[in-house]
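What follows is a set of notes on a single structure, which appears directly below.
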Amino acid sequence: VTPAEIPDVAIIGAGVVGTAIARTLARYDLGIVLVDAANDIGTGTTKANTAILHTGFDAVPGSLESRLLRRGSALLAGYAAQAGIPVERTGALLIAWTPEQRQALPGVADKARQNGYASIRAVSADELYQREPHLGPGALAALEIPDESIICPWTTPLAYATEAVRAGVRLRLDSAVTGVRTEDGAHRIDTTRGPLRSRWLVNAAGLGGDRIDAMLGGGGGFTIRPRRGELIVFDKLARPLLGSILLPVPTAQTKGVLVAPTVYGNVLLGPTAEDVEDRSDTATTAAGLAALLKAGARIIPDLVGEQVTATYAGLRAATEHRDYQIRVDPGLRYACVAGIRSTGLSASLGIAEYVVDQMAGAGLPLKQRDSAPDPPVMPYIGQAGLRPYQDARRIAADPDYGRIVCHCERVTRGEIRDALSSAVPPADAHGLRRRTRAMNGRCQGFYCAAAVSAMVAEAGMPGGRGGPA
Amino acid sequence: VNVDVLIAGAGPAGLAAAIELRRLGAGRVLVVDREAEAGGVPRHSAHTGYGLRDLHRVMTGPGYARYYAQAAARAGAQVRTQATVTGWSGPRSVTLTSAEGIETVAAAAVLLATGCRERPRAARLVPGDRPPGVMTTGELQQRVYLHGQRLPGRALVVGAEHVSFSAVVTLAHAGADVIALVTDQPRQQSYAAFALAAAARWRTPVWTSTALRRVSGRDRLDGVELADLRNGAVRFVGCDALVFTGDWIPDHELARLAGVAIDPGTRGPAVDTALETSVPGVFAAGNLVHAAETADVAAAGGRHAARHIAAALRAGPPRAAQRIPVTVAAPLSWISPNALRIPGPPPPRGRFLLRSEVFERTARLEVRQDGRVLATARARLIPGRPVHLGAGWMARAEPSAGPVRVTLR
C-alpha cells in the first residue's frame, strides 16, 4: 500500500453513529473506510431501541448529551424529511400515576427549559383522558412534550450509509477489529478479513467502544456497561389505543416503562433496564416480559388483550459516566465516540457534526467537495404516508408494486426486488426485514417467509432455513 | 367494479360458497385471494385425508385445493388471485390492490372467508434468543412443499394436536430427524393412531406435561430449555429447527377493520346461525369463525353462508336480524356460531362447534337461558378438538329473553 492509497479516515462501527459520521465526512474530499464486525450496518444497539426521536427535554442540563441531542434531533428532523425516513410527530405525554410522581412534574418541566426546550406544558387529568381515552384509571396529571416524535431506526442509518457509499465511502463488513497499531505514521487496523490502514481513526464501536479504545492505548477512562432493554411489539390493531408516546415519570428507583406508537403502525411497550455482563446477550427473559405486560396493563389495559407481534431486546452502550465519552486526540489522530447510551439515534447527526468539527480542529484537513451528494431518497416503509401498494401511479408504472408478498406488512415484490439491488443491500433475510418490513408482521412468516426466502435465495443470499425469530 | 357477492378468501370456505351461490342463481360472484393460487391452506398441506366427507373420495390437500378452484371457475364465479383486500370504502365495498392497480369493489353482500393461522413464537411470549430456524407449520409446509426446501438436522415440534403430527410428516419428508413433540398438556390431542404411527415409523415420542421455557442460539438455533411440569426439572434439548404448531387464531384483521362485533372466544367475527355478522349484508364463514376445523367443515360453512346470502339478496336491502347471543363459560373456550337468529335457521351441519381447555371423557353440557335448562348433552372433551352440540333446542329459546349460556355441569 503506497501512502497515497491510505484512506484518510477509518471509522470502526457502522451503527447509527458511525454511519452518521461517515456521511458527514463524505461531504469533504477524503478517502474513508467504514468497518463493522457484522454482515450489515446497524445491527447492534442501533436496530433494537425504542425508535423515538427525542427532543432531549429530559437530558442532564449542561451535558454534551443535552447539547448534541438538541442539535441532532433538529438536524435529523430536516434530514428525515429530505431522505424519506418515516417520522411522525406524535408528541409525548409524561404521565404521573402517584402523588410523588405528580410532585416531580414541575422539576421535569424546569429541566426541559434548562435544556432549551420551552414548549413543555402541564396537562390536567381531564385533558389527559380526553386525549388518551384508553388510558388506565389512576393517572393524576401529565406534561405534554409536543415535539417528541417516532422515527424508523432502520431507515435512518441506512440512509446515512447509502449517502456515504454513493459519495465513495468504502463499506467493509464482516470485519471484526482484532488489533490497532501505529505503522509508518498511520494506523494499521487488523480485522478478521485482513488488515487495513488509515491516517485517522474514529472509534464508533458502540458496545465494543472501550475495547477499541484500549487497543489505542486506552486513557478514555470509561468502561462499557451494557444495559439490556426488553421490548414488546403489539399488533397493528392496537394502534388506535393511543395517540401519543406515553412516558413514565423517572423516579430515583426506576426509569419506568413507556408505551409508544411505531412508524410501522404497531405499539411498543418497554424497555426493561438490566445490567448484563455479556455484550451480545440480547435474549428476552420470562421475568422481563412478564414485568412489561404488568406495567402495560396499568397504562393501557386493552393493550394486553391484543396479540404480540414481536419481542426483542437491545443493549445500550452505557458507561459508568452520565454523559457521552467523546474526545479527539490530535497526536494519535484518533476520535473516540463512546458511551452514547440510549440517545444515539436522535443525536446522531449532532454527534457527527461535533466530532467532525473537533477532528478539523485537531488537524484533519477538510476540503469541501465540488459536488456533495444530496441525501438519498429512501424507500418509504412507514405507515402514515403512501406505501407502494396504495400508489396507483406507481403500480401502473411497474405492476410489481401491486404484487403484495408479505401480507401482514403489505410489502410488495417490487420493494423486495429494490432492496436486494440497492446501494447497501441486505446480506440475509434479517437485513431484508429491516429494509422492507417483510416478515415483520403478525404472522411472523406463516404466510410469506417461504416465498420471501425464495426471492432472497434467488438473489444469491443465504435465505436461511426458517426466517423470522 | 360492482358485483352481487364479494368473497374475501379463496380457501375451502370461500370457494365452496362461490360454487353454491352460482348454483343458487346468484349473478356476479367475485372471489379474491392475496395468494398466487386459489385453494387456501390445503395447497401446501400435502398429506392425504382431504375430501372424504364433502367430496366422498380421498385426496391430498393440493388435489382438494385444485378441485375447489376449478369447480368455482366452472360454476361461473370469477376467482382473482394475487389481489389483496386492503380496507373498506363502505359497509359492503372494499379497496383492492393487485398488479392491475387499485380498485374499489362494491357488493350487495360480502362474505369474509379469510381463514386462520398459527400463533407464532413471539405471540406465545416464548423468551430467549431469536435465531432463525424457528417457524410455524404453515411456513414449514410452504418451504417444503411449495419451494422444495430441505431441512436436514434435528427438529422439535411444539404441540401435539392433528397439525403437529402433520408437521412431523413434513419434517421427515424434508430430511429432518424429529426428536419429539412437546406439549404442556397431560396427553396428546390427536388420534391415538397418529401418535402410534409417529412413534413406530419415525421413533418420535410425545413429551407430555412439558413446557418450553427458552429458545437458545445467537446466529443459529442451538436448542431449547424444557421444563417437566410434573416435577419442575429443567433440561436442555439441542435442535436445529423448532416448529410451533396449532394455537390457531383467525385472520380477523379485515373483519375488525369493518367494525363488525368480534366474539371474545373465537376471536373471529361474532356470527349468528345464518353466519351473518353484526353488519347487515356482511357474512363470515370457515376458520375465520372457528379456528381451526378441517377443510370440509370450512367448506360446509361456506355453503351454509351462501344459502343465506342468496336468500338475503332475494329479500332486498340488508336489514339487521333479531338474534340471541350464545356464550360459554370456562373450561369451555368458545362456541360457533355464537348467536341464534330469530326465527332460527340451524347452524351449519345442524350443530354448534365448541372448544374445551380441558380433557374430560364423559362431560355433560348444559344449555340454559335465564336459568331455564333448554337442553343437556354428553360430550367428550379434548383441547383443540371439536366438541359438537346439536341444535334441536333452538326452538325452545325465548326471543325476548336473555343470552343462551352453554356450560359444563
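Residue numbers start from 1 in every chain, and the chains themselves are labelled A, B, ... in the order their sequence lines are given, proteins ahead of strands. Just so it is clear, the structure is predicted and the values come from calculations on it, not from any experiment.
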Can you name the side-chain hydrogen bond (donor to acceptor under 3.5 Å, both in side chains) partners of A:N49, sequence neighbours left out? none

Between CD1 on residue B:I102 and CZ on residue A:R394, distance to nearest 0.5 Å: 11.5 Å

Heavy-atom pairs under 4.5 Å with chain A: which of B:G138, B:G128, B:A83 has the most? B:G128

For B:P127, is it the side chain, the backbone, both or neither that has a heavy atom under 4.5 Å from a heavy atom of chain A? both

Note: B:E100-A:R403 ion pair, threshold 4.0 Å (strictly below): no

Please confirm whether the backbone N or O of A:Y389 pairs with a side-chain atom of B:T97, one donor and one acceptor, at under 3.5 Å? yes

Chain B contact via A:A396 - which portion, at a heavy-atom distance below 4.5 Å: neither

Structural part of A:A451 lying under 4.5 Å from a heavy atom of chain B: both

Residue list, side-chain hydrogen bond (donor to acceptor under 3.5 Å, both in side chains) with A:N39, at least two apart or on another chain: A:D428

Just wondering, more than 12 heavy atoms not from B:D219 lying within 6.0 Å of its CG? no

Heavy-atom pairs under 4.5 Å with chain B are the metric here; pick the option from A:S280, A:G305, A:A310 that has the most. A:S280

Does any backbone or side-chain atom of B:H252 lie under 4.5 Å from a heavy atom of chain A? Answer side chain, backbone, both or neither. side chain

Take a 6.0 Å sphere around CZ of A:R227 and say whether it holds more than 12 heavy atoms from other residues, nucleotides or ligands. no

Given heavy-atom pairs under 4.5 angstrom as the criterion, report whether the side chain, backbone, both or neither of A:D398 touches chain B. neither

Sort by residue number and list every residue of residues 410-419 of chain A having at least one heavy atom under 4.5 Å from chain B. A:R410

Salt-bridge test for B:R218 and A:D278: reply yes if a basic N is under 4.0 Å from a carboxylate O, no otherwise. yes

Closest approach of A:A450 and B:Q149, non-hydrogen atoms and distance? O-NE2, 4.4 Å

Side-chain contact, heavy-atom cut-off 4.5 Å: B:E139 with A:C448? no

Let me see the working for B:Q82 and A:I404 under side chain to side chain contact (heavy atoms under 4.5 Å, CB included), right down to the final yes or no. CA-CA 7 Å; B:Q82 224 167 77; A:I404 296 175; over 6 Å; no

All heavy atoms of A:F446 vs all of B:T136, minimum pair found to be CD1-OG1, 3.4 Å

Among the options B:T84, B:T86, B:L125, pick out the one with the most heavy-atom pairs lying under 4.5 Å from chain A. B:T86

Residue part contacting chain A, namely of B:L140, when any heavy atom lies under 4.5 Å: neither

Are there residues of residues 288-297 of chain A whose heavy atoms fall under 4.5 Å of chain B's heavy atoms? If so, which? A:L289, A:L293

d(A:T282 OG1, B:D129 CG) to nearest 0.5 Å is 6.5 Å

If you count heavy-atom pairs under 4.5 Å with chain A, which of B:R117, B:Q142, B:E118, B:R124 comes out on top? B:R117

Could you tell me which of B:P264, B:G87, B:A123 has the largest number of non-hydrogen atom pairs under 4.5 Å with chain A? B:A123

State, with a plain yes or no, whether a side-chain heavy atom of A:H407 is found less than 4.5 Å away from one of B:D251. no

With a 4.5 Å cut-off on side-chain heavy atoms, are B:R119 and A:Q307 touching? yes

Can you give me the closest heavy-atom contact between A:S453 and B:R143, atom names plus distance? OG-NH1, 3.1 Å

For A:Y447 and B:E35, the nearest pair of non-hydrogen atoms, with its separation, is CD2-OE2, 3.9 Å

Heavy-atom pair of closest approach, residues B:R214 and A:A283: NH2-CB, 3.3 Å

Shortest non-hydrogen contact from A:T311 to B:A122? N-CB, 4.2 Å

Between chain B and each of A:R393, A:Q390, A:E306, count heavy-atom pairs under 4.5 Å; write down the option with the most. A:E306

Salt bridge A:R442-B:E253, side-chain N to carboxylate O under 4.0 Å: yes

Spacing of B:S98 atom OG and A:I395 atom CD1 [to the nearest 0.5 Å]: 7.5 Å

